[in-house]
Amino acid sequence: MKVVLLAGGLGTRLAEETYKLPKPMVKIGNLPILIHIMNIYSFYGFKNFIICGGYKYEEIIKFFENFIDFKLIHKTKHQNIFFSKKNKWEVNIVFTGKKTNTGGRVLKIKNLIKENPFFLTYGDGLADINIKTLSNFHNKKKRCIATITTVKPPGRFGVVKIKKSIVTKFQEKVDTKNVWINGGYFVFDKEIFKYIKKDTDSLEKDVLTKITKTKKMHAYKLNKFWQPMDTLRDKNELNKIWKKGTAPWKRLSKK
């Protein structure tokens, strides 16, 4: 299965770092958060990555040019494909536009998705998540277009309403507590491309809200650690956890 990583946004809430780097390249410990996320997937055997780049995507390319034993094996105007013989990773860094919205970035890599289903993850959130369990959950659901990993963080995030694992409502940024919200680890069937029309489409506001009306989106409830890196405070907290050696995702990630 392909793993699609959204890594093209401006990251304005982390401007202290993102004025010079795309947010997924901001480091937790000695590695960019993007690599921590990729290591989680790799731990469970999923090593074929598509990185949807945009803002300062050249910095992502530069990183892989100098990372361990990665070699550039193919290059086009908008794609740079790297391969690591040691880790068996294939990483395709795709330029999906500087101003493209999240849904539009997914649409732009449609022709690169041959397998069904595929994973999609934001490039700024860490979790203690079993990717194989997530995949199995999706595959067991009949007529399921999308599986969304839901978590219970502070109430500053959007709300996902669930009935018997079916997502019935996807509402952004409702200030409430003790609710399930979008944790950013998805499994999608290729049917999702029917719901993305243009570059400006938001995955969250335009695409997922449409799918909830079909009753074909399910929620995988994650009760373990999850933490996004939205702000400098979040970044510092993740680094603090990592340096203490208590990071719940550490067993899944390389030092």
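The first residue of the sequence shown is numbered 1, and numbering continues consecutively from there. This structure is a prediction, so every number in the text was calculated from the model and none was measured.
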Peer 1: Looking at K190, is its backbone amide N or carbonyl O close enough to the side chain of N116 to form a donor-acceptor pair, meaning the two atoms are under 3.5 Å apart?
Peer 2: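 Such a contact is found between N116 side chain and K190 backbone.
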
Peer 1: Show your reasoning for whether side-chain hydrogen bond (donor to acceptor under 3.5 Å, both in side chains) applies to D189 and H138.
Peer 2: CA-CA 9 Å; D189 274 24; H138 176 86; 2.7 Å; yes

Peer 1: Roughly how far, to the nearest 0.5 Å, is CD1 of I61 from CD1 of I93?
Peer 2: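 Atom-to-atom, I93:CD1 and I61:CD1 are 5.5 Å apart.
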
Peer 1: With side chain to side chain contact (heavy atoms under 4.5 Å, CB included) as the criterion, how do D201 and K198 come out once you've worked through the C-alpha distance, each side chain's angles and the decisive distance to 0.1 Å?
Peer 2: CA-CA 6 Å; D201 280 354; K198 53 189 182 300; 3.0 Å; yes

Peer 1: Is the closest side-chain donor-acceptor distance between T200 and N101 under 3.5 Å?
Peer 2: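 Their side chains do not contain a donor-acceptor pair, so the 3.5 Å distance test is not met.
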
Peer 1: Would a 4.5 Å heavy-atom cut-off, applied to side chains only, mark Y220 and I148 as touching?
Peer 2: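 The answer is no; the side chains never approach within 4.5 Å.
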
Peer 1: Using a cut-off of 6.0 Å, state whether more than 12 heavy atoms not belonging to K194 lie near its atom NZ.
Peer 2: no

Peer 1: Show, in sequence, the C-alpha distance, side-chain angles and deciding distance for T12 and Y19, and conclude whether the side chain to side chain contact (heavy atoms under 4.5 Å, CB included) test is met.
Peer 2: CA-CA 8 Å; T12 53; Y19 76 94; over 6 Å; no

Peer 1: Are the side chains of F63 and I35 in touch, meaning some heavy atoms are under 4.5 Å apart?
Peer 2: yes

Peer 1: When you measure from the side chain of N130 to the backbone of K132, do you find a donor-acceptor pair of N or O atoms at a distance under 3.5 Å?
Peer 2: yes

Peer 1: Any chance you could measure I40, atom CD1, to I129, atom CD1, to the nearest 0.5 Å?
Peer 2: 8.0 Å

Peer 1: Do L72 and W89 belong to the same hydrophobic cluster, where Ile, Leu, Val, Met, Phe, Trp and Tyr are linked whenever their side-chain heavy atoms lie under 4.5 Å apart, directly or via other members?
Peer 2: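 Per the 4.5 Å side-chain linkage, L72 and W89 are co-clustered.
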
Peer 1: Using the six-membered ring wherever Trp is involved, compare the ring planes of H78 and F95 and label them parallel, tilted or perpendicular (cut-offs 30° and 60°).
Peer 2: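 Aromatic pair H78/F95 classed parallel.
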
Peer 1: Take T121 and L6 through the test side chain to side chain contact (heavy atoms under 4.5 Å, CB included) and record every step on the way to the result.
Peer 2: CA-CA 6 Å; T121 303; L6 296 179; over 6 Å; no

Peer 1: Side chains of Y122 and N182 only: does a donor on one sit below 3.5 Å from an acceptor on the other?
Peer 2: yes

Peer 1: Applying the 4.5 Å side-chain criterion to the ILVMFWY set and letting contacts propagate, would V94 and I81 be lumped into a single cluster?
Peer 2: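 Different clusters: V94 never reaches I81 through Ile, Leu, Val, Met, Phe, Trp or Tyr contacts under 4.5 Å.
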
Peer 1: For the pair F118 and F193, name the ring-plane relationship: parallel under 30°, tilted 30 to 60°, perpendicular over 60°.
Peer 2: parallel

Peer 1: Under 6.0 Å from the ring centre and within 45 degrees of the ring axis: does the NZ or CZ of K62 meet both conditions for the six-membered ring of F64?
Peer 2: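 No; the conditions do not both hold, so K62 does not lie above the ring face of F64.
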
Peer 1: Transitively linked via ILVMFWY side-chain contacts under 4.5 Å: Y41 with F83?
Peer 2: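 Result: no, two separate clusters.
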
Peer 1: Between D199 and K108, is there a salt bridge with N-O shorter than 4.0 Å?
Peer 2: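 Salt bridge present between K108 and D199.
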
Peer 1: What are the two closest non-hydrogen atoms of K98 and G54, and how far apart are they?
Peer 2: CG-O, 4.1 Å

Peer 1: Does the side chain to side chain contact (heavy atoms under 4.5 Å, CB included) test come out yes or no for L5 and C52, once each step is laid out?
Peer 2: CA-CA 6 Å; L5 296 147; C52 297; over 6 Å; no

Peer 1: Between W242 and H36, what is the ring plane arrangement, given parallel below 30°, perpendicular above 60°, and tilted in between?
Peer 2: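 Answer is perpendicular, since the angle exceeds 60°.
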
Peer 1: Hydrophobic clusters here meaning ILVMFWY residues chained together by side-chain heavy-atom distances under 4.5 Å, can you tell me if L10 and L21 are in one?
Peer 2: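 L10 and L21: separate clusters.
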
Peer 1: Among K27, E17, K23, which residue meets the side-chain contact (heavy atoms from CB on, under 4.5 Å) test with K235?
Peer 2: E17

Peer 1: Quick one: are the ring centres of F46 and Y44 less than 6.0 Å apart?
Peer 2: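 F46 vs Y44: aromatic centres not under 6.0 Å.
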
